[in-house]
Amino acid sequence: MNFRQMAADRHTYAADWKARTGGKVADYFEPYFPEEIAYAAGILPVRVLAEHEPDVISDKWIYGACFPARDMINQFLRGRMDYMDGLVNVEGCQWIFNAYEVITNNKPALFRHYLFLPDYTDSTTSKDVLRSELAVFRERLEAWTGRDITDEKLDHAIAVYNENRLLLRRICELRRADRPVLTGSEYMDMLLANQVMDKAEMNGLLEQFLRELEGRQPGRDTIRLMLIGSETWNSDLERLVESLGGNVVVDELDNGTSYFWNPVYPQKDRLMALALRYLGRPHNPVKDNNWRRRPEHIFELAEDYHVDGAIISKQIYCHLHGTDNYAVWRLLRERHIPFHYMERDMSVPEEETALRLEAFLNQVRAGATRLAGWHRKAVL
Amino acid sequence: MDHKYGRWPEDVWSSHSAGWRQAGKITAGIDVGTTSTQAAVLCGGALYGYANLHTGADFGAAAGRALDLALGDSGMTRADLAAVCGTGFGKRNIACADSTMDEVHCHARGARFLFGAGVRTVADLGGQTVKAIRLYDWNRVRDFMINDKCATGEGRSLEVLCDLLHISITEIGPKSLEAERDPEPVSTTCWAYANAETLGLFGRPEFKAEPLTEAEIYASHLFAYAWRILGVIGRLSPLDAGEIQIDGGLAFTGGLAKNPGITRRIERELGVTALTSRWDPMLAGAIGAALLAAEQEAGE
Amino acid sequence: MKGQRWETRPLDCWQLAKELRRSYDNSLADSSIVLGNGTTNFYVDWQVAFPAIVVAEDNPIGAMMAQQNEAFARKARLASEVRGWGREICGYHNNCWGAQFLGRTADGKPFPERQFTVPFPCVCDSHIKRGQQCRDYKPIARWTNDFTMYIGERDEKREEAMLDHRNFNTLKQLNEIESVFGQRLDDGKLFELARNCRLLKQYMTNVSYFMTFTPSPLSVKDLYSFFQLGGLAKIGPEKAVHFWKTLRDEVEWRVQNQIAAVGSERFRWIEAHPPSWHFLKYYRYMEKYGAVCLGSQYTHFSQSQLERKPDGSIGERSYPVYDPDMELTTREDAVRFMTGPDARAPHHFKIDEYLRPYALNEFADVFHADGAMFGLWRSGVGCAVTRKEQAMRLRQAGYSVMCYEGSQPGDRVDLDEKRLIDQLDTWMESLGLEKLEDV
Amino acid sequence: MILAGIDMGIEATKAVVLRDGAIIGRAKASTGGTDRPIQARQTYDAALAAAGIAAIEVEAVSATGIGKYDVPFAGRRVTEVIAAAHGAGHLCPGATAVMSVGAGETLIAALGADRLIDEYALSQKCIAGVGLFLRTMADRLGIPLDLFGDGEAACVPTAVSDGCMVFAELDALSMLNRGAEPQTVAAACIRAAAVRAANTGFDLTVPNDTRTVLIGGTAKNRAFVRALEAAMGIAFIIPAGAEYAGAVGAAISGAKGLRK
């Protein structure tokens with residue numbers, strides 16, 4: 001089950017899917033995009049994955065943005081995403097909004113929509129304003145695709161997505177075992193493939209993958225790490241950690257566990273059910289607004305997956321994760337979870353990052369009593 | 001652009017003590033950094049010989065050359081070494097290393113050797129990276145921070161700037177301290193910004209009452225480096241402390257540690273005087289690796 | 001001065017502005033309860049409703065710090081960098097948050113102890129995160145509100161839901177501050193305050209309108225000393241209205257008598273957002289070329305109030321407003337009246353407005369600009385978003401645009417002052433303009 | 001009419017002497033820091049010696065480059081973009097655009113029909129030091145700068161990051177560390193530098209048609225020019241002595257100062 005290849009072949013996959021089903025493809029950046037509504041309209045929602053490619057054009061259009069935002073502009077303007085029919089931006093980070101502006105100004109033929117999702121997610125009226133936005137979005141999709149999005153179609157889409165989330169959660173829970181059968185890089189590749197493919201097909205693959213995992217032998221007992229920070233678009237960092245003798249067992253990334261953590265609880269008003277789900281999911285920094293739930297959620301994950309240390313990997317120029325640095329550092333230092341803070345751009349430079357991670361693993365290994373053989377005797 | 005300004009002097013030393021055969025276990029540590037390579041040979045826990053060279057294009061060759069020079073001319077050969085540990089950027093290329101260790105732990109252990117047991121905060125001011133390490137009283141790393149991605153290449157950039165400004169890299173530090181007042185630093189984001197701004201400080205008295213003197217220009221450049229390094233060291237201090245609080249003895253290792261223009265300004269800002277050592281601070285990594293090699297060899 | 005074309009005169013209300021600003025700064029230090037960044041709406045003046053409360057905004061503290069005391073601003077930025085707020089954080093915030101942890105401000109006074117914080121919603125998404133840092137320093141109450149925005153024509157359904165969201169949160173803040181602090185909110189004063197906002201905005205729009213004339217009665221240097229009075233600097237509504245009325249009348253008089261801010265005005269240029277507050281010299285340097293700066297949407301009170309009418313004349317922008325003397329009986333009416341019927345206030349977005357890369361095309365046309373100068377900030381996302389494309393759109397429309405780089409306006413770190421002066425020379429020479437003293 | 005122009009770049013100072021538009025003498029030396037006035041004087045004297053004329057015969061001396069205010073004897077100072085435009089227009093008449101990739105700054109200017117410059121763009125700070133990066137990597141790998149990157153060494157396009165020259169240097173050292181051949185590392189550095197400089201090249205709204213002149217120190221390196229042409233899709237016109245074009249432009253603009 002080569003998920004990394006599936007994520008890499010996303011362009012051909014999307015083009016084939018359009019040929020097969022005659023449907024349209026709509027791309028999005030932030031994982032707050034209400035995919036169920038688009039799916040119910042027969043649209044394939046695909047997350048834009050930034051890549052590390054030579055970029056001669058983005059400095060003309062944008063300044064000061066993070067490298068992923070620049071690379072998305074680079075990909076669109078180089079015609080890499082021409083099969084795409086629509087681009088939707090959910091209110092979030094403004095560098096992504098800037099990339100959305102540049103792309104839609106250069107590709108006027110695209111269907112485009114700006115969906116406002118309140119940054120103050122905990123307010124009483126947040127659900128109402130989001131519900132009205134979802135209703136407007138539904139009308140625009142119906143006008144665009146010519147199909148009307150009935151409640152039955154919404155229920156089907158919600159069911160497919162809930163099953164997808166349940167499967168992802170079951171796979172994620174396997175990593176709470178002392179010697180997980182699944183490595184962090186496999187898990188991240190699976191997530192990335194999941195975000196660029198049709199969920200119905202993906203659910204079949206995930207069930208098959210689950211059966212395969214249940215047949216595997218337990219993995220090596222290595223240092224258990226948690227990954228915090230900006231969204232990721234590849235599994236380079238996880239592979240590097242594994243090559244140095246660690247394993248990323250859980251992550252608090254916006255496109256990682258936060259993407260599938262809670263399901264939609266169906267109710268009569270389907271759009272309100274969706275609004276409540278997207279306002280209730282674990283938040284990324286811009287939505288984690290008033291009373292800051294993110295540090296506590298990080299600590300819950302760290303405890304559940306009994307991690308030995310955390311790696312905070314933040315994109316350069318990502319001011320939102322930057323603003324949360326203080327709160328996350330203070331929590332981790334209070335609860336005595338060793339962490340290493342690093343910055344990255346699109347690439348993970350091997351030597352420089354290996355230097356940091358190896359030192360961090362050696363620092364953590366000295367404190368990981370579990371690895372000192374005490375616990376292993378108990379298990380055997 | 002000839003390189004006689006930016007090229008810091010290489011150094012080889014040997015204790016020439018004939019009694020090395022009876023001095024106990026002999027181990028060696030080799031620190032192949034991006035810009036400089038050091039090898040250190042320890043006999044029975046005492047420094048026998050070291051070499052400090054430019055790395056050049058070939059990491060492996062630099063390591064071999066440094067080790068042979070460190071063995072000195074008293075008949076000691078590689079065969080006499082009980083264990084060799086490699087560290088640094090190019091540690092994978094050290095053919096004769098039995099084991100490798102990461103730089104943070106090597107610099108920490110080496111700093112304890114060079115500066116005594118009182119050191120608890122080590123700042124490695126290397127060619128490409130700046131590492132701030134906090135130690136427990138026993139030899140274990142408590143926490144460490146490495147510079148932001150945009151602050152890479154501090155040491156290397158000083159070599160480039162000295163070539164451009166026609167001032168020797170060993171003189172720029174002391175000369176910068178001759179300035180009566182420290183003007184505001186140039187950009188503290190990355191060395192490319194800092195170099196560009198410093199190169200523009202000459203001439204053009206447009207806005208300053210009078211143009212900056214040579215000492216003041218070097219002062220504002222090295223002040224920017226010191227400020228950038230403070231940003232890394234400060235991240236070890238407790239989050240709710242107002243000013244930066246340094247935990248116990250502070251020690252500087254690595255190439256820029258020999259530049260008083262930077263270290264003196266950091267000390268002035270922190271209100272702490274760093275510990276000194278009779279040996280070259282660049283050797284911390286290699287000596288640490290040698291000590292860790294001995295401990296590992298004893299441990300097995 | 002060589003190349004003088006119009007008569008110039010210093011502004012009479014200059015002294016008044018200075019005293020008002022000084023009284024505001026002093027009021028920060030000696031008050032019992034200090035509110036954090038304290039407005040639900042740009043122009044709400046809390047002191048009217050809650051007399052014992054003084055507003056200590058991040059903006060004024062952080063922005064002016066590098067200009068008042070560069071060494072202290074550097075220490076404050078270091079204090080915030082060691083806490084993880086690196087160089088990608090806006091200079092206003094880095095200065096202010098760092099100074100908060102250092103416990104003092106640029107002039108040595110202790111940092112104002114904020115008891116609760118109500119960050120005002122703004123289009124920049126680092127504003128949304130603001131106010132959390134007051135709670136990082138000391139756990140205090142925080143109420144926030146959303147900056148509602150959407151793109152495209154006015155859509156009544158979206159407007160209604162967004163306005164409810166905004167007004168509900170504003171009301172919630174007023175009620176909870178009342179209950180938490182036992183301060184009785186005087187609704188009558190709130191109604192008066194609501195009407196005041198309308199008056200204040202009216203005078204400010206007039207001042208903007210008068211600056212579209214050639215020669216411009218005010219340059220941006222003068223605007224900077226006034227534009228915060230009544231907005232972020234809370235000086236009390238009566239004083240604010242009085243001041244702006246006097247300023248408006250004086251500017252009108254200057255336009256009638258062709259009194260110029262810069263006597264040798266021959267090149268009018270605009271900006272995109274706040275300047276480097278610690279290096280305002282470049283305005284006077286540009287005046288050596290006879291180039292006068294007319295400000296940006298930011299300095300014209302973060303609003304786009306003027307537009308080119310179909311008949312070619314310049315007039316106030318027509319966006320939906322409530323009837324000025326609407327009957328206000330309950331607190332909710334006052335809040336609804338203050339927010340106004342436009343969910344995208346205070347910027348009153350058109351389809352292609354403000355955040356979008358065409359926003360300044362109309363702004364440049366209305367102010368008869370010849371060129372524009374954009375500071376590309378490396379942090380401070382709200383100022384720098386879509387500016388690079390906006391510069392290209394202006395160039396395509398025939399304006400000459402120069403971009404220079406720096407870190408966010410409140411932050412000296414990355415502004416290479418020498419390179420900026422070189423770039424100004426390059427810009428003027430490429431347009432064939434020489435310094436007037438050289439001619 | 002005898003004119004002289006001095007271009008003090010961050011790394012090299014170039015001086016030229018023109019008689020009626022023809023270069024009759026030129027000289028080059030390193031710029032330095034506080035000793036810049038001396039270096040400027042020495043370079044200027046060397047150019048005069050090469051031209052075989054005395055300083056008194058020169059009617060106008062103009063300076064440009066980062067050190068233009070360090071040339072005390074210069075009558076006129078002109079900014080780099082104006083000097084580059086005059087230089088390119090003089091050395092290659094009919095040119096529509098000029099691009100200069102120097103040690104520190106990269107700039108591009110569209111030359112106007114009725115006025116000197118229609119539109120220009122300077123390199124952003126993250127594109128600083130393209131020429132300097134190539135020189136330091138050439139010295140580090142022990143390859144002469146002019147041959148740096150020659151040969152058909154294929155490399156992974158993203159082996160060296162093109163985020164900025166600081167990241168590029170670190171990645172190049174990583175390649176070296178993993179046993180890559182110096183030629184492969186050189187090719188990757190050249191490609192990263194070309195991609196970075198191309199970002200400035202594309203920073204004009206005016207479409208760049210064919211007659212673009214490339215000047216500056218890096219124009220000597222054939223591999224870099226090929227990589228830049230591949231990245232920008234333009235065939236550059238490279239005049240002889242492209243490195244001196246800035247100084248020639250300064251001299252030419254000095255003449256304009258005289259006529260007024």
Side-chain angles (χ1 to χ4, degrees), chain A residues 64 66-67 229-230 237 243-246 295 309-319 321-322 324-368 372, chain B residues 31-34 59 86-93 99-109 122 124 126-136 138-153 189-190 231-232 234-241 285 288 292 295-296:
Chain A
C66 58
F67 283 86
S230 305
L237 194 59
S243 69
L244 297 169
I311 298 174
I312 303 178
S313 124
K314 183 182 88 61
Q315 283 286 344
I316 311 176
Y317 296 137
C318 178
H319 57 285
H321 280 278
D324 268 5
N325 263 342
Y326 178 82
V328 174
W329 292 10
R330 194 175 57 180
L331 172 97
L332 294 176
R333 282 194 178 154
E334 265 168 26
R335 315 282 169 92
H336 199 60
I337 301 173
F339 68 91
H340 178 65
Y341 171 75
M342 59 180 263
E343 283 192 336
R344 59 170 296 182
D345 62 352
M346 271 323 296
S347 64
V348 178
E350 190 161 345
E351 290 314 318
E352 197 240 349
T353 317
L355 144 76
R356 296 163 174 271
L357 297 182
E358 199 179 339
F360 181 59
L361 290 176
N362 289 338
Q363 171 199 340
V364 166
R365 180 174 291 118
Chain B
D31 177 359
V32 184
T34 52
F59 291 89
T87 187
F89 189 81
K91 54 179 176 285
R92 65 170 68 218
N93 294 330
S99 65
T100 59
M101 194 54 189
D102 66 272
E103 293 88 314
V104 169
H105 286 77
C106 289
H107 271 274
R109 190 66 187 76
V122 180
D124 167 36
Q128 288 289 342
T129 54
V130 171
K131 310 176 194 59
I133 307 155
R134 204 167 153 210
L135 289 155
Y136 286 114
W138 56 100
N139 289 334
R140 185 175 150 211
V141 168
R142 175 174 187 169
D143 193 4
F144 71 94
M145 278 284 177
I146 298 185
N147 59 289
D148 289 348
K149 197 155 168 56
C150 275
T152 312
T189 298
C190 94
V232 183
R235 283 184 171 175
L236 293 175
S237 119
L239 286 171
D240 42 22
L292 291 174
E295 281 161 16
Q296 266 164 5

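Numbers restart at 1 for each chain; the letters A, B, ... are given by sequence-line order, proteins then strands.
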Chemist: Among B/Arg235, B/Lys131, B/Lys149, which has the most heavy-atom pairs under 4.5 Å with chain A?
Modeler: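 Highest number of pairs under 4.5 Å: B/Lys149.
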Chemist: Start with the C-alpha distance between A/Arg356 and A/Glu351, add both sets of side-chain angles, then the distance that settles salt bridge (charged side-chain N to carboxylate O under 4.0 Å, His left out), and finish with yes or no.
Modeler: CA-CA 9 Å; A/Arg356 296 163 174 271; A/Glu351 290 314 318; over 6 Å; no
Chemist: Classify the side-chain pair B/His105/B/Asp102 by whether it contains a donor and acceptor separated by less than 3.5 Å.
Modeler: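 Yes, B/Asp102 and B/His105 have a side-chain donor paired with an acceptor closer than 3.5 Å.
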Chemist: Is a donor on one side and an acceptor on the other found under 3.5 Å between the side chain of A/Ser230 and the backbone of A/Gln315?
Modeler: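 Yes; judged by distance alone, with no hydrogens or angles, the pair exists.
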Chemist: Any idea how A/Trp329 and A/Tyr341 line up, ring-wise: parallel (<30°), tilted (30 to 60°), or perpendicular (>60°)?
Modeler: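 Plane angle over 60°, so perpendicular.
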Chemist: Using non-hydrogen atoms only, which part of A/Glu334 is less than 4.5 Å away from chain B: side chain, backbone, both, or neither?
Modeler: neither
Chemist: Quick check on the interface: out of B/Asp143, B/Asn147, B/Thr34, B/Leu239, who has the most heavy-atom pairs with chain A under 4.5 Å?
Modeler: B/Leu239
Chemist: Quick one about B/Thr152 and A/Glu352 (side-chain donor to acceptor, distance below 3.5 Å, no hydrogens or angles considered), yes or no?
Modeler: no
Chemist: Could you tell me which of B/Thr87, B/Val141, B/Asp148, B/Val104 has the largest number of non-hydrogen atom pairs under 4.5 Å with chain A?
Modeler: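 Of the options given, most contacts go to B/Asp148.
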Chemist: For A/Arg344, is it the side chain, the backbone, both or neither that has a heavy atom under 4.5 Å from a heavy atom of chain B?
Modeler: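 It is the backbone, since no side chain atom gets that close.
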